[in-house]
*Asks:* 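Sharing a structure here in structure tokens format.
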Amino acid sequence: MASQTLTIRRPDDWHVHLRDGDMLRKVAPYTARQFARAIVMPNLVPPIASVDAARGYRKRILEATGPGFTPLMTCYLTDETSPDELERGFSEGVWLAAKLYPAGATTNSASGVTNFRNIYPSLARMEKIGMVLCVHGEVTDPDVDVFDRETVFIQRILSTLVEDFPSLKIVLEHITTKEAVAFVQSAGPNLAATVTPQHLILNRNAIFAGGLRPHAYCLPVAKREKHRLAVREAATSGSPKFFLGTDSAPHARQAKESACGCAGLFNAPFALESYAIVFEEEGALDKLEIFASVHGPAFYGLPLNEGTVTLERAKVQVPAEIGGIVPFHAGETLRWRLLA
Ligand code: DOR
Ligand code: ZN
């Protein structure tokens, strides 16, 4: 009989949106319940682009989660980012990584980078000091089909970055395509990728199943089934190049159920449960721990967490709504449950 519990080293989330204000207070405890640490995205309005802003945001996150959780901060790269400010925040231990949003690629990316050449001095400095670059890998060219934007980003931009900065550590975030899987696999050890639960579970049909499904819409948008299968195979393969990053991105229900609905899924409340289901379906439950708790810290050069969490094979009912937000898996019954 299959084992009834699964105990793994405490995991981390290498990509999450915790928002600010009331939303932060509402959503951050869910991430802190599941994860010891999380890389917190800086796409607030205004963005977290200075050392002081990151310090203040980190304090507000800690007030929302209480002790026992470590937010790992990121700097939002803009055309004006100063390499000295980047290095100062890194050496003072305020931020661990910087985030590249191509301007206009996604939620609150208006202040993002308009031409990646504009941040070459920053990238050179990051390469020198060993600071990780997190990348939203989609081009914004309106002539490029929305389903091709990740692949075209790899061809037009990422391949150049990897060549021009061979020692820069880069995380291609939330990968969705077989092209991304192949590119990451074939690159050297300085390129890795995070994988979300939704991109392991949903293909693009889910967005149109019986009608328009705003709660299945995120960016990068889910792709064809063959891409989902390639991402699943990579995540569950045991390769150190792929690790957990939920991209939990909560929006109020009305902001998603709208004529111009926001991109993002709120998956934090049941993230480990989601991943466990996928790894079990792939016959790879033995690889969940390295994906969730080992490959991320190894890439970032951080110690592994102490302690463990336990998942129990038991039914858990996902609520239709949590604090005005519709969570991923709303209304479903999941077959793994994280114990308190
Ligand atoms: O779906 C998404 N939502 N993708 C992103 O890149 C940003 C995020 C958000 O902040 O809402
Ligand atoms: Zn994100």
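Note that ligands are numbered from 1 as they come in the structure, with each ligand's atoms numbered from 1 the same way. Keep in mind the model is a prediction, meaning the values are calculated, not measured.
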*Asks:* Looking at every heavy atom in both E138 and V146, which two are closest together, and how far apart are they?
*Replies:*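 Here E138 and V146 meet closest at OE2-O, 4.2 Å.
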*Asks:* Which option out of H136, H17, R19 puts a heavy atom nearest to atom 11 (O) of ligand 1?
*Replies:*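 Shortest heavy-atom distance from atom 11 (O) of ligand 1: R19.
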*Asks:* Any heavy atom of H251 closer to ligand 1 than 4.0 angstrom?
*Replies:*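 A heavy atom of H251 does come that close to ligand 1.
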*Asks:* Provide the number and element of each atom of ligand 1 under 4.0 Å from a heavy atom of A249.
*Replies:*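 In order of numbering, the contacting atoms are 3 (N), 8 (C), 9 (C), 11 (O).
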*Asks:* What residue and heavy atom of the protein are closest to atom 3 (N) of ligand 1, and at what distance?
*Replies:*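 Sorting protein heavy atoms by distance from atom 3 (N) of ligand 1 puts A263 O, 3.0 Å first.
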*Asks:* Any N/O of L265 closer than 3.5 Å to an N/O of ligand 1?
*Replies:*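 Between L265 and ligand 1, no N or O pair is found under 3.5 Å apart.
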*Asks:* Classify the angle between the aromatic ring planes of F243 and F299 as parallel (below 30°), tilted (30 to 60°) or perpendicular (above 60°).
*Replies:*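 The arrangement is tilted - the two ring planes meet at 30° to 60°.
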*Asks:* Is any N, O or S atom of D247 under 2.8 Å away from the Zn ion (ligand 2)?
*Replies:*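 For D247, the answer is yes, given that an N, O or S atom comes within less than 2.8 Å of the Zn ion (ligand 2).
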*Asks:* Could you check whether S274 and H329, counting side-chain N and O atoms only, form a donor-acceptor pair closer than 3.5 Å?
*Replies:*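 Yes, S274 and H329 have a side-chain donor paired with an acceptor closer than 3.5 Å.
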*Asks:* Looking only at N/O atoms, are T107 and ligand 1 under 3.5 Å apart anywhere?
*Replies:*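 Yes.
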*Asks:* What angle, to the nearest 10°, do the atoms NE2 (H15) and NE2 (H17) form about the Zn ion (ligand 2)?
*Replies:*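 Approximately 110° at the metal, rounded to tens of degrees.
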*Asks:* Which of the atoms in ligand 1, numbered in the order shown and given with their element, are less than 4.0 Å from a heavy-atom of C218?
*Replies:*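 With C218 as reference, the close atoms of ligand 1 come out as 1 (O).
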*Asks:* Rounded to the nearest 0.5 Å, how far apart are CD1 of I39 and CH2 of W14?
*Replies:*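 That separation rounds to 6.0 Å.
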*Asks:* Evaluate the ring planes of F266 and Y30, with Trp represented by its six-membered ring, and classify them as parallel (under 30°), tilted (30 to 60°) or perpendicular (over 60°).
*Replies:*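 Ring orientation, 0 to 90° scale: perpendicular.
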*Asks:* Using only heavy-atom distances, determine whether the side chains of T176 and K223 contain a donor-acceptor pair under 3.5 Å.
*Replies:*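 Per modelled atom types, T176 and K223 side chains form a pair under 3.5 Å.
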*Asks:* Are there more than 12 heavy atoms of other residues, nucleotides or ligands under 6.0 Å from atom CD of E127?
*Replies:*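 More than 12 within 6.0 Å, yes.
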*Asks:* Quick test: of every protein heavy atom, which one is nearest to atom 4 (N) of ligand 1, and how far off is it to 0.1 Å?
*Replies:*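 Its nearest protein heavy-atom neighbour is L219 O, 2.8 Å.
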*Asks:* Run the ring-centre check on H227 versus H199 and record whether the distance is less than 6.0 Å.
*Replies:*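 No, ring centres 6.0 Å or more apart.
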*Asks:* List the closest protein heavy-atom neighbour of atom 5 (C) of ligand 1: residue, atom name, distance to the nearest 0.1 Å.
*Replies:*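 Of the protein heavy atoms, T106 OG1, 2.9 Å lies nearest.
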